[in-house]
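Just so it is clear, the model here is predicted, and its values are computed rather than measured. Nothing fancy with the numbering, it's 1 onward along the sequence.
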Amino acid sequence: MEVYHIPHFGASVHTALFHNVSNAAALRSRLIVASTMQGEEGVMEREAVNFAFIDARLITSKRVLETAIHQALLADERGQLRTKYIHSEILWLLNPGNNISEAIRRFGVADASTSVVVIRVFKSSSNALSNAVNDVLASMQKAIEGEVGSLDALPTDWATIKKIYKLGSDVVLKK
């Protein structure tokens with residue numbers, strides 16, 4: 001897991017790559033149910049899955065993730081989030097279009113996902129900056145069943161990337 005402290009936003013960002021994920025379908029269902037739950041139980045369930053879950057096949061580098069995170073923090077700082085939460089804003093910023101539903105469908109965890117990038121953003125006002133890295137990792141591991149790996153080993157699916165971003169047959173992307 002990697003941790004980035006971004007002092008000019010008063011934020012701490014925790015990112016981890018999970019390989020061999022076995023509960024992607026259950027996690028996706030859990031996210032949908034958590035978004036509609038009412039009362040205290042709903043608040044607790046939403047907190048338990050308060051992460052950005054991203055299909056790792058669609059991430060080309062750590063720089064892409066860092067850029068989306070920084071843009072989301074900037075939008076949050078300015079009060080200009082286009083989505084309801086900062087974690088969904090990260091997904092939206094990865095998508096080449098402007099449709100949040102499409103962004104979640106494309107970049108969010110899918111039933112068949114086997115590698116997932118998990119991101120948790122803490123703002124200083126949430127008093128969560130003091131959370132230990134192990135606490136955040138433990139809460140990630142409660143939500144997702146898989147092996148933690150290095151973000152340097154992203155399993156990028158270049159054919160899908162070319163399709164999503166409509167890159168065609170650019171010479172730069174040929175292998």
Side-chain angles (χ1 to χ4, degrees), residues 1-4 12-38 41-69 71-72 82-122 128 131 133-167:
M1 181 162 83
E2 295 183 15
V3 180
Y4 305 98
S12 177
V13 180
H14 302 257
T15 59
L17 173 64
F18 286 83
H19 292 289
N20 301 322
V21 174
S22 60
N23 68 330
L27 177 61
R28 186 172 174 272
S29 296
R30 184 177 177 190
L31 290 166
I32 292 168
V33 169
S35 69
T36 59
M37 290 178 80
Q38 300 294 320
E41 184 181 9
V43 171
M44 290 174 50
E45 184 64 11
R46 281 188 291 281
E47 182 59 30
V49 293
N50 189 14
F51 301 98
F53 295 99
I54 303 168
D55 189 341
R57 298 174 311 113
L58 304 176
I59 304 300
T60 57
S61 69
K62 287 194 303 188
R63 177 79 61 199
V64 170
L65 284 175
E66 291 166 357
T67 301
I69 292 165
Q71 287 179 314
R82 292 177 194 93
T83 66
K84 196 171 182 180
Y85 303 105
I86 196 160
H87 295 115
S88 57
E89 188 81 6
I90 294 168
L91 286 170
W92 183 80
L93 288 163
L94 291 168
N95 192 39
N98 286 324
N99 187 322
I100 184 60
S101 296
E102 181 180 281
I104 291 171
R105 184 179 44 79
R106 280 184 177 167
F107 288 90
V109 65
D111 290 348
S113 295
T114 56
S115 293
V116 177
V117 174
V118 183
I119 300 172
R120 178 69 191 256
V121 177
F122 291 110
N131 278 358
V133 172
N134 292 336
D135 292 342
V136 176
L137 183 59
S139 63
M140 286 179 178
Q141 289 173 322
K142 284 181 185 175
I144 194 159
E145 296 170 9
E147 303 163 11
V148 179
S150 170
L151 282 167
D152 294 324
L154 289 164
T156 305
D157 179 354
W158 287 102
T160 306
I161 294 289
K162 288 168 114 175
K163 181 180 174 186
I164 289 173
Y165 290 101
K166 298 178 180 152
L167 298 174

Can you list, pair by pair, the side-chain donor-acceptor contacts under 3.5 Å of residues 148-156, counting residues two or more places apart and other chains?
residue, atom, partner, partner atom, Å
S150, OG, D152, N, 3.0
D152, OD1, K62, NZ, 3.3
T156, OG1, I59, O, 2.7

Under 3.5 Å donor-acceptor pairs involving side-chain atoms of residues 108-119, not counting sequence neighbours:
residue, atom, partner, partner atom, Å
S113, OG, A110, N, 2.9
S113, OG, A110, O, 3.2
S115, OG, H19, ND1, 3.4

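In terms of the salt bridge (Lys or Arg N to Asp or Glu O under 4.0 Å) criterion, residue partners of R82 (sequence neighbours excluded) are, by chain and number, E89. With sequence neighbours excluded, the residues that form a side-chain contact (heavy atoms from CB on, under 4.5 Å) with Q71 are T67, L93. Residues meeting the side chain to side chain donor-acceptor pair (under 3.5 Å) test with Q38, sequence neighbours left out: none. F51 is linked by a ring-ring contact (aromatic ring centres under 6.0 Å, His included) to F53, counting only residues two or more places apart in sequence or in another chain.
Heavy-atom minimum distance, S88 versus T83: OG-OG1, 2.9 Å. Between L91 and A103, the shortest heavy-atom contact is O-CB, 3.7 Å. Between E102 and N95, the closest heavy-atom pair is OE2-ND2, 3.3 Å. Of all non-hydrogen atoms in I164 and F107, the two that sit nearest each other are CG2-CZ, 4.2 Å. In plain terms, the two heavy atoms of R120 and V136 that are nearest each other are CB-CG1, 4.4 Å. Across every non-hydrogen atom of W92 and N98, the tightest pair is NE1-O, 3.1 Å.
Enclosure of atom CE in M37 by more than 12 non-hydrogen atoms of other residues, nucleotides or ligands within 6.0 angstrom is indicated. For R28, the CZ atom is loosely surrounded, since the number of other residues' heavy atoms within 6.0 Å does not exceed 12.
With contacts defined as side-chain heavy-atom distances shorter than 4.5 Å, the pair R106/P96 qualifies. Counting heavy atoms from C-beta on, the side chains of V13 and V3 never come closer than 4.5 Å.
A side-chain donor from one of E145 and S22 sits under 3.5 Å from a side-chain acceptor of the other.
Between the side chain of N23 and the main chain of G146, no donor-acceptor pair closer than 3.5 Å is present.
Rounding to the nearest 0.5 Å places CG of L31 at 11.5 Å from NE2 of H87. Between the CD1 atom in I104 and the CD1 atom in I54 there is a gap of 11.5 Å [rounded to 0.5 Å].
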Side chain to side chain contact (heavy atoms under 4.5 Å, CB included) between E47 and M44: does it pass, once the steps are laid out?
CA-CA 5 Å; E47 182 59 30; M44 290 174 50; 5.8 Å; no

Check step by step if ring-ring contact (aromatic ring centres under 6.0 Å, His included) holds for Y4 and H14.
CA-CA 7 Å; Y4 305 98; H14 302 257; 9.4 Å; no

